[in-house]
Amino acid sequence: MMNLTIATQAVLEELSRMRSEGVDRIFVQNHTLKELESLLSANSEIENNYAPEDGLTQSSGSTQKSDYLAVEEPKPKDVKSPAKIKNVAPALPSPPSFEIPEGNKEKKWEWLRQKVLECETCNGQLNPSGKVVFGEGNLDAELFLCGEAPGAEEEIAGSPFVGPAGELLMKILNAMGLNREKVYLGNILNWRPRHERAYGNRPPTREEMEFCLPYLRAQLEIVQPKVVLALGKTATDGLIGHDPKRRLNQMRGTWHEVSDLPMMVTYHPSYLLHNPSRTSKRKVWEDCIMVMEKLRMPVSDKQKAFFL
Ligand code: URA
């Protein structure tokens, strides 16, 4: 049987990762909550080591069918968490500074791609079998989607959004009447954040995001999309700067700005994979409809009614 401490740690890491994507609430059945409570009280080691500092608290409210386990943002003093996955990558130098050479979009993009693929720092952060992942897609795209960082599948393929989250993103794009060839897909980070475990993903550090930002901004400058769609809180923080008070739920559904371009914020597709409720899907879909309207794309009555 799997060691309970390891299992609990894995669950807490997953919750931390979800929180970094903007999830501030998860749905838990009453009986699951009871099981968890009895497990925790039977195992004081876990209770003492993990529960309080990770900021996981049970909300007092309840719904007709089940309770919620609210995952609250830690207060600044609580930020240290024993379950946090450790960054094991070497320290980073200051962010790169460069000028894109003259030329057409293709030439500029190819120059930048080579620069990133050869970037010593990016390569120095890789997992043994990993590749640097640069943005890709249509250089004339009207929509620029920005994710967080490559995951396990992406670092092997060297392409963004090719794993499960990418598959779901493609379904969302298809529902909008778009596809991979019509948009541009970028990430805050050009590598999969390294950590000390054999499983899970670590959200990028602020230092990592700051290092890669000039590369992302340069891609925005080359593509010149009409709209940027930030996927999740980390992507939002990476694009417009970290703000501890920021809540994705309050950001989504309204227009923001990045590099003088309109920016919509929505949940990361990984969030939907973990929380496939109709309500979450509808929220993401409403953000997508706003993007379509901004791009003057037709939105049919059928499309308007998705997930209602
Ligand atoms: N998640 C991201 O944020 N980016 C990817 O490229 C894949 C998964």
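Order of listing sets the numbers, starting from 1, for every ligand and every atom in it.
The heavy atom nearest to atom 8 (C) of ligand 1, out of those in Glu153, Glu136, Glu154, Arg192, is found in Glu154.
For atom 4 (N) of ligand 1, the nearest non-hydrogen atom of the protein is Asn187 OD1, 2.8 Å. Ranking the protein heavy atoms by distance from atom 3 (O) of ligand 1 puts Glu148 N, 2.7 Å first. Here the protein heavy atom with the shortest distance to atom 2 (C) of ligand 1 is Ala149 O, 3.2 Å. Among all non-hydrogen protein atoms, the one lying nearest atom 1 (N) of ligand 1 is His268 NE2, 3.3 Å.
Here the shortest heavy-atom pairing between Met263 and Leu239 reads SD-CD1, 3.9 Å. Closest approach of Glu208 to Arg202, counting heavy atoms only: OE2-NH2, 2.9 Å.
Close contacts between ligand 1 and Pro160 involve ligand atoms 6 (O) [criterion: under 4.0 Å to a heavy atom].
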### Task
Determine, step by step, whether Glu136 and Ser159 satisfy the side-chain hydrogen bond (donor to acceptor under 3.5 Å, both in side chains) criterion, reporting the C-alpha distance in whole Å, the side-chain angles of both residues, the deciding distance to 0.1 Å, and the verdict.
CA-CA 7 Å; Glu136 61 186 43; Ser159 273; 3.1 Å; yes
### Query
Under the side-chain hydrogen bond (donor to acceptor under 3.5 Å, both in side chains) criterion, do Tyr267 and Asn249 qualify, and how do the steps go?
CA-CA 8 Å; Tyr267 293 109; Asn249 210 18; 2.9 Å; yes
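In this structure the side chain of Trp255 reaches within 4.5 angstrom of the side chain of Val227, judged on heavy atoms.
Inclusion of Ala165 in the set of residues having an N or O under 3.5 Å from an N or O of ligand 1 is not warranted. Of the N or O atoms in Gly147, none lie within a sub-3.5 Å distance of an N or O in ligand 1.
Classification of the Phe211-Tyr215 ring pair by plane angle, with boundaries at 30° and 60°, yields perpendicular.
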